[in-house]
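Since we're looking at a predicted model, the values are computed, not measured. Convention: sequence-line order gives letters A, B, ...; per-chain numbering from 1. The figures that follow rest on heavy atoms only: side chains count, while hydrogens, waters and symmetry mates do not.
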Amino acid sequence: MARVAMEAGKMGPLSMPLTLWRPFSGTWLEGAALVGGVILWEALGWLLAMPWLPPFSKIIGALNQFIQSGVILGNVASSLQGLAIGFGISLIVGLLVGALMGRYRRVEKALDIYVNAFLISPAMIFAPIFFAIFGLSGAVRIAVVIMYSVFVIIMNTATAIRTVDPALVEMASSFGANERQIFLRVLLPASLPLIFAGIRLGMGRAVKGMINGEMLIAMVGLGALAQRYGSQFEASKVFAIAMVVLIIALVCDWIVQTVENRLTSWVD
Amino acid sequence: MIQIRGLSKEFLGRDGAGTGVLAIDSLNFEVRDNEFLTVIGPSGCGKTTLLRIIAGLIPFDDGEVRIDDVPVTGPGPDRAVVFQNFALMPWADVLTNVAFGLEIRGTAKAECEGTAMRLVRLVGLEGFERRLPKELSGGMQQRVGLARALAVNPRILLMDEPFGALDEQTRRLLQEQLLRIWDQERKTVIFITHSMEEAVLLGDRVMLMTPRPGRVKEIIDVPLKRPRGQETEKSTTFVEIKEYLWENLRSMQVLDQRGEA
């Protein structure tokens with residue numbers, strides 16, 4: 001027994017860096033930065049005792065309370081529903097319009113200025129208009145999510161399709177490929193990496209749109225919750241909601257990235 | 001037989017009208033069945049344009065292009081192109097790239113795979129079927145390009161400076177391989193090149209073109225016996241034709257430089 005323990009003890013420090021430690025060494029600094037940030041936050045929270053900067057532990061407490069009371073779950077579900085519908089529509093419209101713009105010069109010429117204008121302009125400027133059209137329904141939130149996310153997807157998809165190596169299209173034509181075959185067999189796979197970059201940007205913007213829409217017009221879901229506690233100066237609760245939003249954003253991004261990695265593993 | 005009569009092609013200016021460049025000016029020539037025709041000329045002589053017109057990839061302004069008396073109006077199953085920069089799909093493995101032309105033409109999947117496998121073997125890429133293009137050397141990539149063109153079993157093979165992007169040693173190996181394959185599977189070949197050795201080594205005839213506008217200067221017979229190889233390049237005929245090409249190309253280059261000064 002003792003010998004085994006000794007040998008294990010000898011082996012431990014040697015084998016650890018080789019097998020276990022190495023995969024983590026890349027994320028080591030990130031982890032340290034995260035832990036350091038939390039410690040700093042906690043310390044500043046107690047030291048400064050400002051109402052707008054509650055210690056981190058209090059935020060976790062508020063989060064825990066939210067979960068226990070079940071108030072967060074319903075709101076998360078409501079928010080996610082708006083996000084899913086809005087982003088789903090953005091994805092379909094964005095890919096379709098983007099593909100047409102990328103492939104056909106005339107469509108691009110006709111739509112480019114509008115897509116650019118909407119991409120640059122702050123979506124919430126149109127809040128009153130959405131309000132006028134949809135009233136206080138959930139459709140407002142969906143409209144805002146679309147407004148936030150669709151244009152970047154259109155833009156990236158159009159650029160992706162337009163910049164596909166013309167030699168590949170010519171190659172396909174030389175074998176007699178028709179427009180549909182060129183699109184499905186060449187243009188689409190070739191532009192997937194750039195299209196996915198747009199989808200990821202769009203996803204991030206969709207989460208922002210969801211919260212902004214909920215806070216400023218729709219008054220539902222997580223945004224409405226944040227708005228309510230914000231007006232009551234309940235900083236720890238606001239931060240707790242912000243954390244939930246952050247987690248949603250990270251999970252959404254992770255999903256997109258996983259699909260992306262599956263489909264574009266050929267990229268260097 | 002490929003017949004080219006009075007073929008002209010003008011590239012329009014940026015504004016889409018007027019002051020265009022005459023890339024090809026009233027070409028006349030014929031390519032016999034199973035003939036290996038190499039085309040050589042300085043840059044700007046329209047040799048790539050000519051190839052793309054025969055492939056049916058771009059329209060032309062004047063004259064006619066006929067294959068067995070049928071006018072060319074677009075790409076067709078009787079022709080396949082090998083491209084200078086390979087034009088392989090980077091997301092698809094070797095087998096999928098080789099099978100691409102067959103799949104586009106609606107061949108059944110099992111047959112696609114079988115034919116593609118046979119051609120992968122023919123060009124000596126056995127064992128690399130599942131590799132991506134980026135994992136292959138330039139020479140191997142062009143062998144994929146050649147296999148893809150041969151897979152659709154065209155009667156006419158159009159090759160646009162296929163070995164131009166490769167280093168000297170790789171190029172020589174591929175020339176030998178191409179000649180071996182051409183010996184087994186006779187096809188009409190139009191082969192664009194800027195290498196005089198390559199033009200003489202491969203061609204039954206060498207078509208010499210002049211630049212701006214592209215015209216046929218001369219079509220030179222290459223009476224060297226086949227199979228050709230390293231020994232061929234030492235023969236007097238080979239050297240003479242090569243020298244003759246150089247004299248002509250040299251004077252064109254000199255004229256060209258004066259013209260631009």
Side-chain angles (χ1 to χ4, degrees), chain A residues 95 98-99 102-110 112 156-157 159-200 256-268, chain B residues 16 48 51-59 72-94 96-107 112 130-135 141 144-145 148-154 156-161 165:
Chain A
L95 292 178
R103 183 67 178 150
Y104 303 109
R105 228 163 138 83
R106 281 187 190 161
V107 182
E108 192 200 356
K109 282 240 159 108
D112 198 39
N156 264 55
T157 306
T159 310
I161 300 272
R162 198 183 332 109
T163 54
V164 169
D165 185 0
L168 282 180
V169 178
E170 186 161 70
M171 182 277 292
S173 307
S174 81
F175 284 109
N178 58 34
E179 188 67 18
R180 191 182 61 89
Q181 286 172 319
I182 288 176
F183 196 82
L184 292 177
R185 304 296 309 274
V186 176
L187 292 175
L188 196 63
S191 39
L192 272 186
L194 207 51
I195 288 178
F196 263 102
I199 293 176
R200 276 183 75 181
V256 176
Q257 238 190 94
T258 308
V259 179
E260 180 183 3
N261 289 343
R262 276 271 173 98
L263 293 176
T264 64
S265 54
W266 52 275
V267 181
D268 305 280
Chain B
T48 292
L51 193 91
R52 293 172 71 212
I53 288 173
I54 299 173
L57 289 170
I58 51 171
V72 166
T73 52
D78 51 348
R79 285 153 286 152
V81 188
V82 179
F83 295 90
Q84 181 177 9
N85 295 318
F86 321 140
L88 300 182
M89 301 177 292
W91 59 88
D93 61 23
V94 167
T96 313
N97 267 294
V98 172
F100 182 79
L102 289 167
E103 277 182 43
I104 289 294
R105 289 175 187 184
T107 313
C112 279
R130 293 294 165 206
R131 297 291 183 88
L132 290 176
K134 69 174 178 190
E135 299 171 302
Q141 290 190 35
V144 176
R148 177 179 59 195
L150 291 172
V152 294
N153 195 22
I156 299 163
L157 200 54
L158 303 169
M159 307 185 77
D160 182 15
E161 293 192 36

Step by step, would you call A/L168 with B/F83 a side-chain contact (heavy atoms from CB on, under 4.5 Å)?
CA-CA 10 Å; A/L168 282 180; B/F83 295 90; over 6 Å; no
Evaluation steps, side-chain contact (heavy atoms from CB on, under 4.5 Å), between B/E103 and A/F175
CA-CA 10 Å; B/E103 277 182 43; A/F175 284 109; over 6 Å; no
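For the atom pair OG (A/S174) and CD1 (B/I104), the distance works out to 9.5 Å, reported to the nearest 0.5 Å. Atom CE of residue A/M171 and atom CG of residue B/L57 lie 11.5 Å apart, to the nearest 0.5 angstrom.
Residue B/L102 does not touch chain A at all, counting heavy-atom pairs closer than 4.5 Å. For B/R148, the parts lying near chain A are the backbone and the side chain together; criterion is any non-hydrogen pair under 4.5 Å. In this structure, chain B has a heavy atom under 4.5 Å from the backbone of A/V267, while its side chain stays farther away.
The most heavy-atom pairs under 4.5 Å with chain B, out of A/G176, A/A177, A/A190, come from A/A190. Options B/P133, B/A92, B/P75, B/G76 differ in how many heavy-atom pairs under 4.5 Å they form with chain A, and the most are formed by B/P75. Put simply, of B/M89, B/R52, B/Q84, the one with the most heavy-atom pairs under 4.5 Å next to chain A is B/R52.
Between A/A167 and B/A87, the shortest heavy-atom distance links the atoms O-CB, 3.9 Å.
The side-chain hydrogen bond (donor to acceptor under 3.5 Å, both in side chains) search around A/Q181 returns none, not counting sequence neighbours.
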Can you give the donor-acceptor pairs under 3.5 Å from side chains of residues 259-266 of chain A to other protein atoms, not counting sequence neighbours?
unit_1, atom_1, unit_2, atom_2, d
A/N261, ND2, A/Q257, O, 3.4
A/T264, OG1, A/E260, O, 2.8

